[in-house]
Engineer: 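One structure, pasted below without further comment.
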Amino acid sequence: MPDYNFYDNVYDVVRLIPRGRVTSYGAIAAYLGNKGSSRIVGYAMMAAGTAKPPVPAHRVVNRQGLLTGKFHFGGNTMEELLAAEGIEVKDDKIQNFKQLYWDPSVELSL
DNA sequence: TCGGTGACTTGGT
DNA sequence: CACCAAGCCACCG
């Protein structure tokens, strides 16, 4: 068994997120089998900025569709990236989040 | 081995 | 609707 680091696992899932879609930290944690590790997912995302290949962390938001980690991107970078994918953001919150929501435990389990 | 840390989540006031 | 508190767990030094 490969060195299954939670971080690497998280990165893989995030890279699988289709363009124009978003998911939540908890969903990823749940997909990995560690529902309680939702915080760890966010923590991993912080390091995602230095990870290679780069991880589309801008597609990962909290349960409310709120861009909690936009500040870590450095300003409005996160919002810009989302807008570039056709995702509408207002007040650091994703509109029609319910529609754009992409659940790995559902999409990847097909 | 232990403690600090956090881009979360839920529930209560 | 807004804020506070507690539970949760992997990574790092």
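Hydrogens, waters and symmetry mates play no part in the numbers below; they use all other heavy atoms, side chains included. So you know, we letter chains A, B, ... as the sequences are listed, proteins then strands, and number each from 1. These numbers were taken from a predicted model, which means no experiment stands behind them.
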Engineer: Any idea which heavy atoms bring A:Phe97 and A:Arg63 closest together, and the distance?
Structural biologist: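 Shortest heavy-atom separation between A:Phe97 and A:Arg63 comes out as CE2-O, 3.5 Å.
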
Engineer: Starting at atom CD1 of A:Ile94, determine the distance to atom P of B:dA7, rounded to an integer number of angstrom.
Structural biologist: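 Rounding to the nearest Å, CD1 of A:Ile94 and P of B:dA7 are 17 Å apart.
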
Engineer: Using a 4.0 Å heavy-atom cut-off across all strands, classify A:Ala57 as base, sugar-phosphate, or nothing.
Structural biologist: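 Here A:Ala57 touches the bases of the nucleic acid.
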
Engineer: Who does C:dC1 pair with, Watson-Crick or G-U, both distances under 3.5 Å?
Structural biologist: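 Its partner: none found.
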
Engineer: For DNA chain B, which residues in residues 19-29 of chain A have a heavy atom at a distance below 4.0 Å?
Structural biologist: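 Per residue number, the list reads A:Ser24, A:Tyr25, A:Gly26.
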
Engineer: Hey, is the main chain of A:Gln64 close enough, under 3.5 Å, to the side chain of A:Asn62 for a donor-acceptor pair?
Structural biologist: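 Here the side-chain-to-backbone pair exists.
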
Engineer: Can a side chain N or O of A:Asn34 be found less than 4.0 Å away from OP1 or OP2 on C:dA10?
Structural biologist: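 Result: yes.
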
Engineer: Of all the heavy-atom pairs spanning A:Asp92 and A:Lys70, show the shortest one and how long it is.
Structural biologist: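 So the two residues come closest at OD1-NZ, 2.9 Å.
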
Engineer: Would you tabulate the nitrogen or oxygen pairs shorter than 3.5 Å linking the protein to nucleotides 11-13 of chain C?
Structural biologist:
| unit_1 | atom_1 | unit_2 | atom_2 | d |
| --- | --- | --- | --- | --- |
| C:dC11 | OP1 | A:Phe6 | N | 3.1 |

Engineer: Between B:dT9 atom P and A:Leu66 atom CG, what is the distance in whole Å?
Structural biologist: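 Computing the A:Leu66:CG to B:dT9:P distance gives 10 Å.
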
Engineer: Could you tell me if the side chain of A:Val10 sits less than 4.5 Å from the side chain of A:Val13, heavy atoms only?
Structural biologist: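 Not touching, per the 4.5 Å side-chain cut-off.
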
Engineer: Could you state the atom-to-atom distance from CD of A:Gln64 to P of B:dA7 in whole Å?
Structural biologist: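 My rounded result for the distance is 15 Å.
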
Engineer: Whole angstrom is fine here: how far is it from NZ in A:Lys35 over to C1' in C:dG7?
Structural biologist: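 Rounded to whole Å, this separation is 12 Å.
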
Engineer: When the distance from CG of A:Asp8 to P of C:dA10 is rounded to whole Å, what number comes out?
Structural biologist: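 That distance rounds to 15 Å.
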
Engineer: To the nearest angstrom, how far is A:Phe71 atom CZ from B:dA7 atom P?
Structural biologist: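 Atom CZ in A:Phe71 sits about 11 Å away from atom P in B:dA7.
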
Engineer: Charged N to carboxylate O below 4.0 Å: is that the case for A:Arg59 and A:Glu85?
Structural biologist: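 Looking at A:Arg59 and A:Glu85, the cut-off is met.
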
Engineer: Can you name the nearest heavy-atom pair linking A:Leu66 to A:Asp91, along with the distance?
Structural biologist: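 What the structure gives for the nearest pair is CD1-O, 4.0 Å.
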
Engineer: Please tell me whether A:Ser37 and A:Tyr25 have a donor and an acceptor in their side chains that are separated by less than 3.5 angstrom.
Structural biologist: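 The criterion, which ignores hydrogens and geometry beyond distance, is not satisfied for A:Tyr25 and A:Ser37.
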
Engineer: So, the side chain of A:Arg21 versus the backbone of A:Asp103: is there a donor-acceptor pair under 3.5 Å, distance only?
Structural biologist: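 Pair absent, no side-chain N/O of A:Arg21 close to backbone of A:Asp103.
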
Engineer: Using a cut-off of strictly less than 4.0 Å, decide whether A:Thr68 has a side-chain nitrogen or oxygen near OP1 or OP2 of B:dC8.
Structural biologist: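 Answer is yes, contact under 4.0 Å.
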
Engineer: Let me know the distance between OH of A:Tyr31 and C1' of C:dC9, rounded to the nearest Å.
Structural biologist: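 A:Tyr31 atom OH is separated from C:dC9 atom C1' by 20 Å.
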
Engineer: To the nearest angstrom, how far is A:Met45 atom CE from B:dT5 atom C1'?
Structural biologist: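 Going from CE in A:Met45 over to C1' in B:dT5 covers 17 Å.
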
Engineer: Provide the closest heavy-atom pair for A:Trp102 versus A:Glu107 in the form atom of the first, atom of the second, distance.
Structural biologist: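 Taking every non-hydrogen atom into account, NE1-CG, 3.2 Å.
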
Engineer: How is A:Gly69 classified with respect to the nucleic acid when contacts are heavy atoms under 4.0 Å: base, sugar-phosphate, or nothing?
Structural biologist: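 Here A:Gly69 touches the bases of the nucleic acid.
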
Engineer: Checking contacts here: which listed nucleotide (C:dA10, B:dG6, B:dA7) is nearest the side-chain heavy atoms of A:Arg39?
Structural biologist: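 The answer is B:dG6.
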
